[in-house]
Amino acid sequence: MFVMIAKGKIGYMPPIADLENPIDKYASQVISEDGQMLGAFALKNNNRIYITYEDLSPHLVKALVATEDKRFKDHSGIDFRGLMRAVVKTGVLGQKNSGGGSTISQQLAKQLYSPQAGNIFERLLQKPIEWVIAVELERYYTKEEIINLYLNKFDFLYQAVGIESATKTYFNKTPKELSIQEAATLIGMCKNPSFYNPVRYLDRTTERRNVVLQLMADSQYITQHECDSISKLPLNLSFSVQNHKGGLATYFREFIKKIMMADKPNRRNYRGWMMEQYTRDSLAWETQPLYGWCNKNKKADGSSYNIYTDGLKIYTGINARMQQYAEEAVFEHFSGTLQPEFFKEKKGRKTGPFSAKISDDERKSIISRAIEQSDRYRHLDSEGLSKKEILQTFDEPTEMTVFTYGGQKDTIMTPRDSILYYKSFLRTGFMAMDSRNGEVKAYVGGINYGAFQYDMVTAGRRQVGSVMKPLLYAMAMNEGFSPCDQVLHVQPQLVDENGRIWSPRNPGAKRVGEMVSINWGLQVSDNWVTAWLMSRLSPYTFVELLHSFGVTGKLDPVVSICLGTPDISVAEMVSAFTTFSNGGIRAEPIFVTRIEDQYGNIIANFSPRMNEVLPEAATYKTLHMLRSVIDGGTGSRMRFKYGIQAEMGGKTGTTQNNSDGWFMCFTPSLTAGCWVGGEDRSIHFDRMAHGQGASMALPVVASFFKKLFADPSMMYNASEKFQVPEAYKNPCAEESLERKPTDTPTSEGIDDLFE
């Protein structure tokens with residue numbers, strides 16, 4: 001019978017090739033620069049991560065052998081003594097607690113190859129096949145490898161498939177860090193994880209743990225005294241379900257999954273309004289190695305890679321501590337200051353959270369569109385309900401759990417009100433990257449991935465406002481202008497493509513009618529000086545330069561582009577600003593540094609991608625002006641409020657009606673940028689005091705740098721200096737860049753004046 005089964009004449013016998021590699025489907029891991037696992041990509045209800053035998057605690061191995069197969073080291077797949085005991089005691093005498101006859105090898109064979117049996121007869125037919133597979137497994141694997149395979153395969157509930165996920169889920173540890181009692185708890189679950197579920201049945205699971213401890217003592221893995229002492233300890237869990245919505249860098253991990261698994265763009269899959277995105281994706285497919293990597297690269301068998309099943313190790317430039325600092329900076333500013341101020345401003349207003357400037361019809365249109373785009377609406381529509389019936393359900397009070405900065409909250413509200421509730425939260429995007437090699441060090445796509453999953457670092461695109469100005473000033477420096485060139489500070493009139501006059505506004509303008517320097521214009525973010533420069537330059541040439549700075553998509557070459565009318569992503573703006581600390585060389589963001597297969601073989605390396613944008617002279621002139629923005633301009637809160645004295649340059653940005661707040665900042669080696677705004681442009685602060693970039697976005701960047709500089713173990717510190725050639729150190733030696741003492745505000749209202 002054994003021979004017939006082994007040759008596949010009876011039942012199903014897996015191919016030898018499969019036996020040689022019985023587990024080839026593992027969750028891929030995303031690993032930080034400093035060796036921390038940020039998260040894993042797994043199939044639904046499967047969070048299995050492969051680890052080696054050396055990563056296991058000896059307590060785990062001893063507990064498993066003592067409990068499941070005490071003669072494991074002596075048999076070759078089938079323990080005939082244990083089998084006969086099970087037949088006689090369980091089958092004949094009906095002793096249910098006598099123990100089973102399956103070895104660890106047989107249990108592994110069952111896990112790998114036996115489907116769920118429909119009845120006892122089917123299960124009896126499966127047993128002989130599992131015996132043969134167990135013997136074959138013993139031929140191909142060492143005892144240690146079989147134990148490792150078993151623990152990597154076992155389902156411990158709560159999406160914790162495999163011992164690595166289980167230890168993280170129940171004890172927030174790695175397998176190597178488990179204590180004796182923790183190892184005994186997990187091995188005790190192997191008998192029946194649902195019955196011995198430590199979360200639901202703590203007392204029952206504790207009793208099972210003590211049984212395992214006694215079996216370990218019987219096998220002399222621990223002393224009886226140790227067994228008795230440990231059995232008296234309470235079962236303490238550190239339970240947390242591991243999923244893609246938790247942990248560090250959630251937005252980043254989802255971005256990596258999306259970009260690596262992307263298919264080659266097909267125009268038929270893009271609607272008419274998505275043509276610009278189609279162009280952007282097509283360019284990425286051709287020029288970015290990471291975009292669509294899984295489909296561009298093939299395994300030895302000719303199939304494409306799959307991050308859900310191939311056990312890849314995806315190494316990134318993300319630094320876990322820097323990521324933590326970035327997430328803390330966002331949370332602290334939004335929960336402690338910004339969101340409470342926004343709620344306070346909108347409280348009691350019937351138009352909230354929208355601006356009072358929009359009409360009732362516009363407000364109703366936005367809400368109706370949000371309702372029709374909701375999951376609830378699509379689900380009810382698929383069930384055949386009419387639009388009227390669906391809308392009625394949106395006005396019925398419903399029990400739900402909603403996001404708050406204090407944690408999830410159970411409440412009752414109508415689905416319509418819940419839409420308004422979520423729209424009342426301001427959103428953000430933050431990214432920091434190493435200017436020298438492009439490695440992304442921190443990436444925060446929003447305030448909370450579980451509640452707001454749209455990524456505002458790479459997917460979201462918003463008007464950039466005044467953070468566009470340095471790119472224009474850099475172009476002017478390249479055309480022969482100097483920071484100390486003087487301009488008459490009056491409202492300019494420019495002629496657009498249609499022959500119409502365009503005269504930009506300049507709220508709070510100072511020194512009207514005086515001669516001012518170009519440097520002063522950028523330092524205080526003056527619209528008139530910027531427009532004057534645009535009148536001396538070509539918008540067509542400027543659009544070409546913007547593409548060199550890394551801005552993608554269609555850009556209209558209109559004169560108003562100088563004030564930041566285009567929609568651009570945070571990632572593109574951060575990449576553009578690396579040019580100014582890099583001697584004119586722009587670094588493209590590198591999100592992944594290398595990829596290894598499940599066996600540790602390097603299958604992809606990603607090198608820095610640098611692009612020369614500006615010559616040195618223009619770069620250092622612009623750098624000089626951007627440093628003056630921090631030292632005495634719209635970014636001066638970095639100095640007088642947050643006390644950061646490191647050498648840095650930067651620029652604030654605020655769009656019309658305070659719809660978008662930006663702040664870009666860089667040191668000699670690190671560039672960071674932040675955007676803040678509402679989900680819709682009509683959701684914004686009405687007052688400049690809270691709605692400007694210096695109030696909304698700058699505090700996030702400032703907090704990030706303060707935390708970073710306070711950590712002496714980090715390679716980025718406040719003592720770094722810009723390496724500027726002697727010839728470019730003081731392009732405006734003949735004039736002082738400091739404002740007159742009588743013009744220098746002494747309060748935090750400095751930013752209101754500048755903006």
Side-chain angles (χ1 to χ4, degrees), residues 33 317 319 322 431-442 467 470-471 473-478 480-484 518-519 522-523 545 548-550 573-590 607-633 635-636 638-639 644-651 663-673 701-702 704-706 708-709 711-734 736-738:
E33 170 198 49
N319 182 282
M322 293 175 70
M431 191 177 94
M433 61 183 283
D434 191 304
S435 309
R436 301 163 298 187
N437 58 25
E439 291 184 8
V440 175
K441 299 298 178 184
V467 292
L471 311 186
Y473 280 64
M475 177 180 171
M477 297 304 104
N478 194 35
F481 287 86
S482 166
C484 39
I518 290 177
N519 182 82
L522 185 60
Q523 186 181 41
L545 181 65
S548 297
F549 271 114
M573 288 307 299
V574 173
S575 175
F577 270 70
T578 62
T579 306
F580 303 122
S581 57
N582 248 5
I585 307 297
R586 179 180 71 86
E588 288 190 24
I590 293 182
S607 303
R609 294 162 62 89
M610 316 298 282
N611 175 41
E612 184 174 1
V613 178
L614 298 169
E616 281 192 345
T619 301
Y620 292 123
K621 289 178 183 178
T622 310
L623 172 63
H624 178 84
M625 293 187 287
L626 289 173
R627 291 180 65 181
S628 74
V629 171
I630 300 296
D631 293 336
S636 59
M638 297 289 285
R639 304 290 195 218
I644 299 174
Q645 300 305 319
E647 288 194 2
M648 52 176 49
K651 185 69 187 77
F663 184 60
M664 309 300 300
C665 186
F666 58 90
T667 68
S669 59
L670 192 69
T671 303
V701 180
F704 169 76
F705 274 109
K706 282 198 73 171
L708 180 63
F709 292 153
D711 187 343
S713 66
M714 301 302 298
M715 63 180 292
Y716 306 99
N717 56 69
S719 63
E720 287 186 282
K721 306 294 183 183
F722 288 106
Q723 301 301 311
V724 180
E726 195 65 35
Y728 304 115
K729 282 189 175 180
N730 195 355
C732 290
E734 69 276 16
S736 172
L737 295 177
E738 297 294 330

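If you read the sequence from its start, that first residue is 1, and numbering goes on from there.
- The line from CG of Asn582 to CD of Gln723 is 12.0 Å long, rounded to the nearest 0.5 Å.
- Separation of atoms CE (Met648) and CZ (Phe705) is listed at 5.0 Å; rounding is to 0.5 Å.
- The shortest distance between side-chain heavy atoms of Ser482 and Ile518 does not fall below 4.5 Å.
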Test side-chain contact (heavy atoms from CB on, under 4.5 Å) on Leu614 and Phe549 and set out the steps. CA-CA 9 Å; Leu614 298 169; Phe549 271 114; 4.1 Å; yes

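- A pairwise comparison of heavy atoms in Met664 and Val467 identifies CG-CG1, 3.7 Å as the closest pair.
- Taking all atoms of both residues into account, the shortest heavy-atom contact from Ser713 to Asp711 is OG-OD1, 2.6 Å.
- Between atom CG of residue Asn478 and atom NZ of residue Lys621 there is a gap of 9.0 Å, rounded to the nearest 0.5 Å.
- Contacts of Glu726 classified as side chain to side chain donor-acceptor pair (under 3.5 Å), with partners at least two apart in sequence or in another chain: Lys729.
- A search for ring-ring contact (aromatic ring centres under 6.0 Å, His included) contacts involving Phe577 returns Phe580, not counting sequence neighbours.
- Using a 4.5 Å heavy-atom cutoff, the side chains of Pro483 and Met477 are in contact.
- Taken to the nearest 0.5 Å, the CG atom of Asp631 stands 9.5 Å off from the NE2 atom of His624.
- Considering all non-hydrogen atoms of both residues, Glu616 and Pro725 come closest at OE1-CG, 4.5 Å.
- In this structure, a donor-acceptor pair under 3.5 Å is absent between the side chains of Thr671 and Thr578.
- Here the shortest heavy-atom pairing between Gly635 and Phe663 reads CA-CE1, 4.3 Å.
- Between Arg639 and Gln645 there is a side-chain heavy-atom pair separated by less than 4.5 Å.
- When side chains are defined from C-beta on, Met322 counts as touching Leu708, because their heavy atoms get closer than 4.5 Å.
- Using a 4.5 Å heavy-atom threshold, the side chains of Tyr728 and Leu623 count as separate.
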Could you go through the side-chain contact (heavy atoms from CB on, under 4.5 Å) check for Tyr473 and Leu626 one step at a time? CA-CA 10 Å; Tyr473 280 64; Leu626 289 173; over 6 Å; no

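- Here the CD atom belonging to Glu588 is positioned 8.5 Å from the CE atom belonging to Met433, to the nearest 0.5 angstrom.
- By the 4.5 Å heavy-atom criterion applied to side chains, Arg627 and Glu647 are counted as neighbours.
- Residues Tyr716 and Asn319 form no side-chain contact, since every pair of their non-hydrogen atoms from C-beta on lies 4.5 Å or further apart.
- At least one side-chain heavy atom of Ile590 sits less than 4.5 Å from a side-chain heavy atom of Pro608.
- Residues Val574 and Ala672 approach most closely at CG2-C, 4.1 Å, considering heavy atoms.
- A distance of 8.0 Å separates OG1 in Thr619 from CD1 in Ile585, rounded to the nearest 0.5 Å.
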Where do Asp434 and Lys441 land on the salt bridge (Lys or Arg N to Asp or Glu O under 4.0 Å) test, with the steps shown first? CA-CA 7 Å; Asp434 191 304; Lys441 299 298 178 184; 5.2 Å; no

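- Scanning both residues, Gly650 and Phe666, for their nearest heavy atoms gives N-CE2, 4.0 Å.
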